[in-house]
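A quick write-up on the structure given underneath.
Throughout, a chain's letter reflects where its sequence line sits, starting with A, and its residues are numbered from 1.
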Amino acid sequence: MVLVYCFFQQVIAAMETQLSNGPTCNNTAHGSATINNCSSPVDSGNTEDSKTNLIVNYLPQNMTQEELKSLFGSIGEIESCKLVRDKITGQSLGYGFVNYVDPKDAEKAINTLNGLRLQTKTIKVSYARPSSASIRDANLYVSGLPKTMTQKELEQLFSQYGRIITSRILVDQVTGVSRGVGFIRFDKRIEAEEAIKGLNGQKPPGATEPITVKFANNPSQKTNQAILSQLYHSPNRRYPAPLAQQAQRFRLDNLLNIAYGVKRFPPMTIDGMTSLAGINIPGHAGTGWCIFVYNLAPDADESILWQMFGPFGAVTNVKVIRDFNTNKCKGFGFVTMTNYDEAAMAIASLNGYRLGDRVLQVSFKTNKTHKA
DNA sequence: TCAGATT
């Protein structure tokens with residue numbers, strides 16, 4: 001039980017930080033090999049830009065377009081939504097676009113969803129730049145950096161050549177020490193070209209060795225082997241569980257059996273059973289596991305549910321039930337999660353969680369409650 | 001020593 005306790009503590013602590021501080025910047029959550037990336041999400045750098053179209057980065061690998069739409073649709077009406085996928089493999093490239101009808105909703109999405117933790121990722125939400133050839137292939141790979149150089153210093157070095165969209169220094173996963181390599185993405189290709197001319201083979205101030213600056217590999221130029229690996233090595237499980245989670249799976253199943261009378265079946269089997277025999281399995285709605293969240297405050301909104309449940313795994317939908325006349329939350333809501341294990345972990349962790357001055361009751365949805 | 005930001 002110690003392992004699972006530690007895991008809960010980690011998730012809850014991260015969640016509390018986010019709930020109390022609001023979204024911040026991308027961080028080192030779950031051993032990411034990168035350091036902070038705190039470029040301002042609101043500054044599109046150009047007042048002529050669209051104020052409705054957003055780019056969403058660092059999405060979980062297996063998040064679908066529908067899930068993206070569900071998440072951002074909780075803010076306001078969406079004009080269009082697209083998850084960008086690899087043309088050959090169909091795999092998500094981890095980013096997408098959301099175009100709102102109302103610019104106010106786009107701004108609200110940035111304010112409420114930028115920095116949201118989803119699985120092992122911290123998403124970034126910012127205004128999309130108008131698509132053009134001039135902003136493509138503007139990404140540089142930098143090696144030979146002094147190990148002491150910070151991301152800020154790296155940006156200072158390169159900012160003389162143009163507007164930096166992202167910067168990153170890769171670090172050792174264990175020690176956190178810089179690996180001396182990083183990336184700089186400029187707004188324009190021409191700025192990147194100038195930076196190569198000016199900095200490749202040069203020694204940064206105070207450095208003893210020259211750095212190498214060149215264009216970064218393009219993700220669409222993967223080797224055949226990498227593509228084949230992606231095609232044939234598709235996991236049978238959408239999200240690998242953290243070690244502590246896997247280790248406690250069966251124990252948790254037992255706990256949940258006692259608490260909720262739920263047996264662990266593969267979802268497809270249950271779909272078949274329910275459709276054929278009309279059997280009702282608590283929480284299982286056919287498209288995922290429906291979770292009942294009780295004792296929400298009157299001003300609770302969908303974003304709080306995303307923030308609470310997102311870190312535990314694939315969330316496909318959230319809903320706050322509101323009074324028709326007042327539009328205030330009636331004290332409860334629903335969350336749909338794709339994977340049983342992740343839903344079980346979320347319930348085990350969040351049931352009894354104190355949100356503000358309220359203690360939440362979280363369980364698989366049963367027929368006793370309001371129909372979602 | 002190349003993570004994943006322009007449809």
Inset, instruction - Examine distances only and state if a side-chain atom of A:Tyr127 and a backbone atom of A:Ala106 form a donor-acceptor pair shorter than 3.5 Å. - result: no

Inset, instruction - Check every strand shown and say whether A:Asp137 touches a base, only sugar-phosphate, or nothing at a heavy-atom separation below 4.0 Å. - result: nothing

Legend entry - Salt bridge A:Lys152-A:Glu155, side-chain N to carboxylate O under 4.0 Å: no

Legend entry - Main-chain N/O of A:Ile135 paired with A:Arg129 side-chain donor or acceptor, under 3.5 Å: no

Legend entry - A:Phe183 aromatic ring stacked with six-membered ring of B:dG4, 5.5 Å and 30°: no

Inset, instruction - With the side chain of A:Ser131 defined as its heavy atoms from C-beta on, choose the nearest nucleotide among B:dA5, B:dA3, B:dT7. - result: B:dT7

Legend entry - Donor-acceptor contact present, side-chain A:Asn200 to main-chain A:Val213, <3.5 Å: yes

Legend entry - Under 3.5 Å: donor-acceptor pair, side chain of A:Asn339, backbone of A:Asp341: no

Inset, instruction - Measure the distance from CG on A:Leu83 to C1' on B:dG4 and round it to the nearest whole Å. - result: 13 Å

Inset, instruction - Could you tell me whether the phosphate oxygens of B:dA5, OP1 or OP2, come under 4.0 Å of any side-chain nitrogen or oxygen in A:Asn57? - result: yes

Legend entry - Side chain of A:Tyr141 (C-beta onward), nearest among B:dT7, B:dA5, B:dT1: B:dT1

Legend entry - Interatomic distance, A:Gln119 CD vs B:dG4 P [rounded to whole Å]: 14 Å

Inset, instruction - Please tell me which of A:Arg185 and A:Gly180 maps to the more 5' nucleotide of DNA chain B, matching each residue to the nucleotide holding its nearest heavy atom. - result: A:Gly180

Inset, instruction - Indicate, with a heavy-atom threshold strictly under 4.0 Å, whether A:Lys87 touches base, sugar-phosphate, or nothing. - result: nothing

Inset, instruction - Please determine, for the side chain of A:Lys121, which listed nucleotide (B:dG4, B:dT7, B:dC2) has the closest atom? - result: B:dG4

Inset, instruction - Take atom CZ of A:Arg168 and atom P of B:dG4, then tell me their distance rounded to the nearest Å. - result: 6 Å

Legend entry - Phosphate OP1/OP2 of B:dT1 contacted by A:Ser143 side-chain N/O (<4.0 Å): no

Inset, instruction - Please report, rounded to the nearest Å, how far the P atom of B:dC2 is from the CG atom of A:Leu93. - result: 19 Å

Inset, instruction - Could you tell me whether A:Glu193 and A:Arg189 have a side-chain N and a carboxylate O separated by less than 4.0 Å? - result: yes

Inset, instruction - Can you tell me the distance, in whole Å, between the CG atom of A:Asp172 and the P atom of B:dC2? - result: 14 Å

Legend entry - Value in whole Å for how far the P atom of B:dA5 lies from NZ of A:Lys188: 18 Å

Legend entry - Rounded distance in Å - CG (A:Asn217) to P (B:dT1): 11 Å

Inset, instruction - For the side chain of A:Val84, starting at C-beta, report the closest nucleotide among B:dA3, B:dA5, B:dT7. - result: B:dT7

Legend entry - Shortest side-chain distance from A:Arg129, nucleotide among B:dT1, B:dT7, B:dA5: B:dA5

Inset, instruction - Pick base, sugar-phosphate or nothing for A:Lys147, based on heavy-atom distances below 4.0 Å to the nucleic acid. - result: base

Legend entry - Heavy-atom donor-acceptor pair, A:Arg136 side-chain to B:dT6 base, under 3.5 Å: no

Inset, instruction - Send over the distance from A:Ile184 CD1 to B:dG4 P, rounded to a whole Å. - result: 16 Å

Inset, instruction - Return no unless some side-chain N or O of A:Tyr58 is found under 4.0 Å from OP1 or OP2 of B:dA5. - result: yes

Legend entry - Minimum-distance nucleotide (side-chain atoms of A:Ile165 versus B:dT7, B:dA3, B:dT6): B:dT6

